[in-house]
Amino acid sequence: MANPALKKMGLKDMTMPEAPKESLDETLVEFPDNRVLIELCGQFDRNLAALEQGFGVVIMRRGNQLALHGPGDQRERAVAALETLYDRLDDGGALEPGDIEAVIRLGALPGDKTGDGAEPDPRGQLDMFPAGRMEIRTRKRTILPRSATQKAYVAELFRREMVFGIGPAGTGKTYLAVAAAVSMFFDNQVDRIILSRPAVEAGERLGFLPGDLKEKIDPYLRPLYDALGDMIPGKQLTRLMEEGKIEVAPLAFMRGRTLANAFVVLDEAQNCTEMQMKMFLTRMGEGSRMAVTGDPSQIDLPRGTGSGLLEVLRVLEKVSEIGFVQFSAADVVRHPLVARIVEAYDGGTPAQT
């Protein structure tokens with residue numbers, strides 16, 4: 001506000017102009033445990049910096065409080081994200097870079113609470129989630145869904161005996177299915193884990209591969225080994241595989257088998273032929289569960305060969321006992337650029353990150 005006395009004497013008023021009211025708006029959030037708050041902020045406050053950029057706010061730390069400045073709706077979203085992340089850390093959970101990116105996209109992490117409106121679980125499988133938190137506990141880590149679709153997918157994996165996870169790369173379809181299998185195995189709900197995928201090259205002809213049969217097929221199955229290695233200590237995993245409790249095998253080895261009391265995961269199902277898919281699904285035995293994952297946009301079968309995944313979506317879509325979960329680019333949990341790449345290839349506008 002101009003000073004009338006200065007104006008009368010012909011002098012300029014050097015008083016700083018008033019800041020817009022919105023910039024003065026502040027939300028204070030207090031966190032009781034300063035040690036957890038330090039972990040929430042991250043090294044050199046990198047987590048806070050990511051949240052500032054994602055929500056378009058300014059976050060300043062004052063002791064055990066965080067002060068947020070910015071538009072009201074953005075501040076509300078940022079506060080919800082901070083409280084969600086703090087609760088996760090306070091409960092003993094870990095905070096990974098992907099969690100920050102997910103909470104920015106979603107405003108809160110759906111994996112932290114079971115959703116209202118979910119179908120009742122007649123078998124009580126979902127009772128395993130403590131205090132309403134939807135998480136999958138394995139021997140090495142606790143895995144939580146990072147999007148609403150992932151949450152629905154995890155619920156289906158524990159609710160139904162056969163589930164199809166369909167969608168682009170990087171959405172966690174196979175990883176969550178393997179996690180559910182490991183969790184059920186160590187909870188004695190199944191006796192074995194069987195992971196499989198078709199041995200199809202991604203658009204290349206590799207020719208003759210040296211070594212014995214195992215050495216020839218292992219490169220195709222490496223993603224499944226990697227997932228298991230994330231969840232089970234190395235020596236224990238080796239012992240379980242030697243005992244046949246955990247088996248990783250190409251799809252061609254499934255013919256003629258009856259897979260009872262097992263959790264069976266079929267990865268890269270878009271590269272199954274129609275005959276192979278029917279063969280695989282009919283291997284299901286008593287007490288077994290099956291998870292089938294695939295991306296219809298990445299079919300590597302020879303030209304003119306029909307994809308078993310596309311056919312099964314048409315044939316079984318009305319079978320109520322089977323769960324179908326469709327993922328999209330919004331569910332990608334790899335590098336943020338992956339989501340933009342997927343959307344660009346789908347013909348949409350790449351999501352801004």
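- A salt bridge between Glu39 and Arg35 is absent, with no side-chain N of the basic residue lying under 4.0 Å from a carboxylate O of the acidic one.
- Here the side chains of Leu37 and Leu66 are in contact, with some heavy-atom distance below 4.5 Å.
- A donor-acceptor distance shorter than 3.5 angstrom exists from the side chain of Glu52 to the backbone of Ile59, with no hydrogens or angles considered.
- Following chains of ILVMFWY side-chain contacts shorter than 4.5 Å, one cannot reach Val58 starting from Leu28, and the two form parts of different hydrophobic clusters.
- The side-chain heavy atoms of Thr27 and His69, taken from C-beta on, include no pair separated by under 4.5 Å.
- Remark: the Gln270 side chain and the Glu268 side chain contain an N/O donor-acceptor pair separated by less than 3.5 Å.
- The two residues Leu157 and Ala177 make their nearest non-hydrogen contact at CD1-CA, 3.8 Å.
- At least one side-chain heavy atom of Leu48 sits under 4.5 Å from a side-chain heavy atom of Leu82.
- To the nearest 0.5 Å, the span separating CD1 on Ile232 from NZ on Lys140 amounts to 9.5 Å.
- Of the possible donor and acceptor atoms, none in the side chain of Glu83 sits under 3.5 Å from a partner among the backbone N and O of Ala80.
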Q: For salt bridge (Lys or Arg N to Asp or Glu O under 4.0 Å), just list the numbers for Glu274 and Lys278, CA-CA rounded to whole Å, side-chain angles, deciding distance to a tenth of an Å, and then say yes or no.
A: CA-CA 6 Å; Glu274 296 171 358; Lys278 181 179 179 181; over 6 Å; no
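- Taking hydrophobic clusters as Ile, Leu, Val, Met, Phe, Trp and Tyr residues chained together by side-chain heavy-atom distances below 4.5 Å, Met277 shares a cluster with Val319.
- Using a 4.5 Å cut-off between side-chain heavy atoms of Ile, Leu, Val, Met, Phe, Trp and Tyr, with links allowed through other members, Met275 and Val315 fall into different hydrophobic clusters.
- Residues Leu251 and Met279 share a closest heavy-atom pair of O-CE, 3.8 Å.
- Atom-to-atom distance recorded for Arg75:CZ and Leu68:CG is 8.0 Å, nearest 0.5 angstrom.
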Q.
Show, in sequence, the C-alpha distance, side-chain angles and deciding distance for Phe55 and Glu76, and conclude whether the side chain to side chain contact (heavy atoms under 4.5 Å, CB included) test is met.
A. CA-CA 10 Å; Phe55 290 113; Glu76 290 178 5; over 6 Å; no
Q. Where do Arg61 and Cys41 land on the side chain to side chain contact (heavy atoms under 4.5 Å, CB included) test, with the steps shown first?
A. CA-CA 9 Å; Arg61 185 175 174 191; Cys41 295; 4.2 Å; yes
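- Among all heavy-atom pairs drawn from Gly70 and Val57, the shortest one is CA-CG1, 4.5 Å.
- Residues Phe327 and Gly165 approach most closely at CE1-CA, 4.1 Å, considering heavy atoms.
- Counting heavy atoms from C-beta on, the side chains of Asn64 and Glu30 come closer than 4.5 Å.
- Tyr153 places a side-chain N or O within donor-acceptor distance of the main-chain N or O of Lys173, the cut-off being under 3.5 Å.
- In this structure, a donor-acceptor pair under 3.5 Å is present between the side chains of Thr174 and Thr293.
- Under the 4.5 Å side-chain criterion, counting only non-hydrogen atoms from C-beta, Met290 is not in contact with Val163.
- Looking at Asp45 and Asn47, their side chains never come closer than 4.5 Å, going by heavy atoms from C-beta outward.
- Minimum interatomic distance between Phe324 and Glu317 (heavy atoms only, all atoms of both residues): CE1-CA, 3.9 Å.
- Of the inter-residue distances, the one linking Leu313 atom CG with Ile166 atom CD1 reads 4.5 Å to the nearest 0.5 angstrom.
- Leu224 is connected to Met241 through a chain of hydrophobic side-chain contacts under 4.5 Å among Ile, Leu, Val, Met, Phe, Trp and Tyr, so both are in one cluster.
- Tyr225 places none of its side-chain heavy atoms less than 4.5 Å from the side chain of Leu237.
- Inspection of the Thr171 and Asp331 side chains reveals no N or O donor paired with an N or O acceptor under 3.5 Å.
- Between Lys245 and Asp191 no salt bridge is recorded (no basic side-chain N to carboxylate O distance below 4.0 Å).
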Q: Step by step, work out the side chain to side chain contact (heavy atoms under 4.5 Å, CB included) result for Ile38 and Asn34.
A: CA-CA 6 Å; Ile38 292 172; Asn34 204 46; 4.3 Å; yes
Q: Report the C-alpha distance between Glu26 and Arg62 in whole Å, list the side-chain angles of each, state the deciding distance to 0.1 Å, and finish with yes or no for salt bridge (Lys or Arg N to Asp or Glu O under 4.0 Å).
A: CA-CA 13 Å; Glu26 177 181 87; Arg62 299 174 183 168; 2.9 Å; yes
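- Judged by distance alone, with hydrogens and angles left aside, the side-chain atoms of Ser196 form no donor-acceptor pair with the main-chain N or O of Leu266 at under 3.5 Å.
- With hydrogens and angles disregarded, no donor-acceptor distance shorter than 3.5 Å links the side chain of Glu156 to the backbone of Ala152.
- Looking at Arg192, its side chain never comes within 3.5 Å of a backbone N or O of Ile194 through a donor-acceptor pair.
- A distance of 7.0 Å separates CD in Gln189 from OG in Ser183, rounded to the nearest 0.5 Å.
- Put simply, the side chain of Thr238 gets close to the backbone of Gly234: a donor and an acceptor are under 3.5 Å apart.
- For the pair Arg283 (side chain) and Arg257 (backbone), a donor-acceptor distance under 3.5 Å is present.
- Residues Asp267 and Val178 fail the side-chain proximity criterion, which asks for heavy atoms closer than 4.5 Å.
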Q: Check the pair Met231 / Ile143 against side chain to side chain contact (heavy atoms under 4.5 Å, CB included), numbers first and verdict last.
A: CA-CA 9 Å; Met231 303 168 194; Ile143 298 160; 3.9 Å; yes
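- Atoms OG1 and CZ, on Thr282 and Arg255 in that order, are 8.0 Å from each other to the nearest 0.5 Å.
- Arg160 contributes a side-chain N or O that, together with a main-chain N or O of Ser320, makes up a donor-acceptor pair within less than 3.5 Å.
- For the residue pair Asp295 and Pro168, the shortest heavy atom distance occurs at OD2-CA, 3.5 Å.
- Between atom CD of residue Glu286 and atom CG of residue Leu259 there is a gap of 13.5 Å, rounded to the nearest 0.5 Å.
- With hydrogens and angles left out, the side-chain atoms of Asp300 and Asn271 include a donor and acceptor closer than 3.5 Å.
- Note: Phe31 and Tyr86 have tilted aromatic rings, judged against thresholds of 30 and 60 degrees for the angle between ring planes.
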